[in-house]
Enquirer: 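Can you read through this structure? Questions will come right after.
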There are 2 protein chains.
Amino acid sequence: MSRPTIYDVARESGFSIKTVSRVINEAPNVRKETVDRVRAAIELLQYHPDPAAQRLGGGKLPTIGVLVDSIDDPFFAQVVAVIEARAMDVGMDVLVASTGMDETRMRMQIQRLARRGVAGLVVAPFGDPGTVAAALPDDVPVVVVDRKCGVTDKDVVRVTDEQGATDAVRHLVARGHRRIGFLGKTSAFNTLQDRYTGYEKALAEAGIEVDARLVETRAWTADEAYPYALAMLATADAPTAVFAASPMMGLGVLRAQQRLHRQDVALVIFGDYPVAELMTPPTTVIDQRPTALADTAFDLLARRIQDPGAEVLDTVLPTLLVPRGSGELAPRAES
Amino acid sequence: MSRPTIYDVARESGFSIKTVSRVINEAPNVRKETVDRVRAAIELLQYHPDPAAQRLGGGKLPTIGVLVDSIDDPFFAQVVAVIEARAMDVGMDVLVASTGMDETRMRMQIQRLARRGVAGLVVAPFGDPGTVAAALPDDVPVVVVDRKCGVTDKDVVRVTDEQGATDAVRHLVARGHRRIGFLGKTSAFNTLQDRYTGYEKALAEAGIEVDARLVETRAWTADEAYPYALAMLATADAPTAVFAASPMMGLGVLRAQQRLHRQDVALVIFGDYPVAELMTPPTTVIDQRPTALADTAFDLLARRIQDPGAEVLDTVLPTLLVPRGSGELAPRAES
DNA sequence: CGGGGTGTTGACAGCGCTGTCATACCGCCA
DNA sequence: TGGCGGTATGACAGCGCTGTCAACACCCCG
């Protein structure tokens, strides 16, 4: 009364296990009638191949691994959700793992997933190019998402970080802002570095000089960003607008604004977040469109699994400025 | 130059593969010196057992499956994150799957995970007791989270839905509210039903009669809740406070409040959500403490995997009222 | 009518483990 | 001294698949 095996299907259908195997894997050169008979037996017995056995017998696990910073980060949660949905459509399972932003752990998790025999891996890496390149396996298809980290021999999907940041700051400049603050730990990721570059660029275009007092690059978490944001907003020559280079930075700013009752400071956050549209004022964001990112990542992975030799692609998706209110505030009248 | 197998370790250590297997599985009756020698060989060769082979050879996969409504729901994202972290600590992987609130899909996903040979399953089920009971496998350890759904033969972890709702409504009553609205599709889950019961109970305690015009039980998503909330808040005898029985309902109410500029209506939401503390006013919530839920779920699962015959536990965790502002608003003066 | 495809199927040997059972050895007691 | 029980180890047969290779049609063409 155990689960039926391929032998049961073979017996039921009157063919050999090999032919059943062929039908399961949609191999060529099987007569249509045979396929039908085997399919009928499979249906009758409610047979499903055992993934572990398939794996052991030479194939890969019908599974894809996803490794992200943290699963409950809304951005990555969406990425995982999309991958899971897409994987389900093609009958694959998804193994999730998180790095917790720890390099050793990242390497360990990648190894574990690879060892597991997954058919492919979606990874949001971090760290310097050397480390990342060493950590990514070469014998498993890998797609790198969100952060390039100097990877050149794998498919990459990411967004136009610099352009997005430029859009954000231009948007603020267009509203008349000249004193625009920046928050984001530029040393952490190349993405953040790029966003800073975009910030600089937009200012330069407008003939505005970067004021070091308005640039804060030390904070990484929202908790760290908060005091800096507080300090920046509390000074006499506070910025009239702030560009937060990540949602975490954004939260830090929002907390500071709430604390100081300074909702009149314009704000654009790089990266959308839940209920941003319900804030007072609703938050203008640069949407990274995580679902598009994940969709593309899945497509690329599927492509590479199917054709390991395909040309390596570095896909850069556009971001989307979503004006909701906070980014459209005019500079408050100088007191 | 492929991955080392148990044979390589056997050769390297000078013992048979069986003894190596014993060491890997920490089986009894192996001389300490042997263990050390084998361990050294394992270390030297950087050997890691192949999970698929372990599975096929009689064991279970060192993997636990998690099935939730949706992976990017903040509540479930946290649950998944905690399970993943705990699993990693004990060297297990996590397969995620989502039901998308579809019964057929739920059943399918459960079967897939079970077939996969996972060591255990954490499931947030839904649907009537019969369906759920039929969908849950008996040959794999299962822990049911968040919603009991009439399950009696599996371990369950959930929160005090009725008590939490009562707390919320009492809290509002204590502020002087008498006209308190309710939003939540009571027919969807027993959890929501319980929350409604809690609502009724708190009103009864205060000698307040339930006003059918203030009770809306048809909406399930935030989009559905929005028009109802709008209607409820726009009437002449609008409630002075609202209890939203789920975060989604809460979002509907918040949108309606924003639209109508009625931030003066008190609000308590069952279930915390990101940045609730940054809203205007900050949202008072009944925290379901998803991390505690997930921790307990993991503990229960580990216990059952280790001892399949253990007594079945129905664990009910307390919720936590988190006052942040919206729930402490006094009834506005009647116009 | 024979040779060389092409299409269709099956026998069988693994894949890397674990379970079962056998073996070898030790110390102990009668 | 023989026999018994316990400890430590190994031989070997699977687990449920897939890959390889062989077998056996059958067809077309010269």
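Throughout, a chain's letter reflects where its sequence line sits, starting with A, and its residues are numbered from 1.
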Enquirer: Looking at the side chain of Leu56(B), which of dG16(D), dG19(D), dT8(C) is the nearest nucleotide?
Expert: dG16(D)

Enquirer: Between P on dG16(C) and CD on Gln54(A), what's the gap in Å once rounded to a whole number?
Expert: 17 Å

Enquirer: Specify the separation, in whole Å, of atom CD1 of Ile17(B) and atom P of dT20(C).
Expert: 15 Å

Enquirer: Could you state the CD1-P distance from Ile24(A) to dC17(D), rounded to the nearest angstrom?
Expert: 6 Å

Enquirer: Are OP1 or OP2 of dT9(D) and a side-chain N or O of Thr34(B) less than 4.0 angstrom apart?
Expert: yes

Enquirer: Can you see if the side chain of Tyr7(B) gets near the phosphate of dG10(D) - specifically, an N or O under 4.0 Å from OP1 or OP2?
Expert: no

Enquirer: Does Asn25(A) place a side-chain N or O at less than 4.0 Å from the phosphate oxygens OP1/OP2 of dT18(D)?
Expert: yes

Enquirer: Atom CZ of Arg31(B) to atom C1' of dC26(C): distance rounded to whole Å?
Expert: 11 Å

Enquirer: Can you identify which nucleotide, out of dT9(D), dG10(C), dG16(C), has its nearest atom closest to the Asp50(B) side chain?
Expert: dG16(C)

Enquirer: Whole angstrom is fine here: how far is it from CD1 in Ile42(B) over to C1' in dG16(C)?
Expert: 14 Å

Enquirer: Is Asp139(A) paired with Arg3(B) through a side-chain N to carboxylate O contact shorter than 4.0 Å?
Expert: no

Enquirer: Ion pair present between Asp138(A) and Lys154(A), side-chain N to carboxylate O less than 4.0 angstrom?
Expert: yes

Enquirer: Nearest of dG16(D), dC17(C), dG10(C) to any side-chain atom of Tyr47(B)?
Expert: dC17(C)

Enquirer: I'd like to know if Arg303(A) pairs up with Asp307(A) as an ion pair, taking the criterion as any Lys NZ or Arg NE/NH1/NH2 lying under 4.0 Å from an Asp or Glu carboxylate oxygen.
Expert: no

Enquirer: Can you tell me if the side-chain N/O atoms of Ser21(B) get under 4.0 Å from OP1 or OP2 in dT18(C)?
Expert: yes

Enquirer: Select from Gly57(B) and Lys32(B) the residue whose nearest nucleotide in DNA chain D is closer to the 5' end of that strand.
Expert: Lys32(B)

Enquirer: Would one find a side-chain N or O of Thr19(B) under 4.0 angstrom from OP1 or OP2 of dG10(D)?
Expert: yes

Enquirer: Give a yes/no on whether any side-chain N or O of Thr5(B) is located under 4.0 angstrom from OP1 or OP2 of dG16(C).
Expert: no

Enquirer: Between dT9(C), dC17(D), dT9(D), spot the one nearest the side chain of Phe15(A), thanks.
Expert: dT9(C)

Enquirer: Rounded to the nearest angstrom, tell me the gap between atom CZ in Arg55(B) and atom P in dC15(C).
Expert: 20 Å

Enquirer: I'd like to know if Arg22(A) reaches the base of dG19(D) with its side chain, counting only an N/O donor and acceptor under 3.5 Å.
Expert: no

Enquirer: Would you mind reading off the distance between Arg3(B) atom CZ and dC15(C) atom C1', rounded to a whole angstrom?
Expert: 12 Å

Enquirer: Just how far, in rounded Å, is P of dT18(D) from CG of Leu61(A)?
Expert: 12 Å

Enquirer: So that I can tick it off, tell me whether Asp8(B) and Arg11(B) are bridged by a salt bridge, with the cut-off set at under 4.0 angstrom between side-chain N and carboxylate O.
Expert: yes

Enquirer: Quick one about Asp128(B) and Thr131(B) (side-chain donor to acceptor, distance below 3.5 Å, no hydrogens or angles considered), yes or no?
Expert: yes

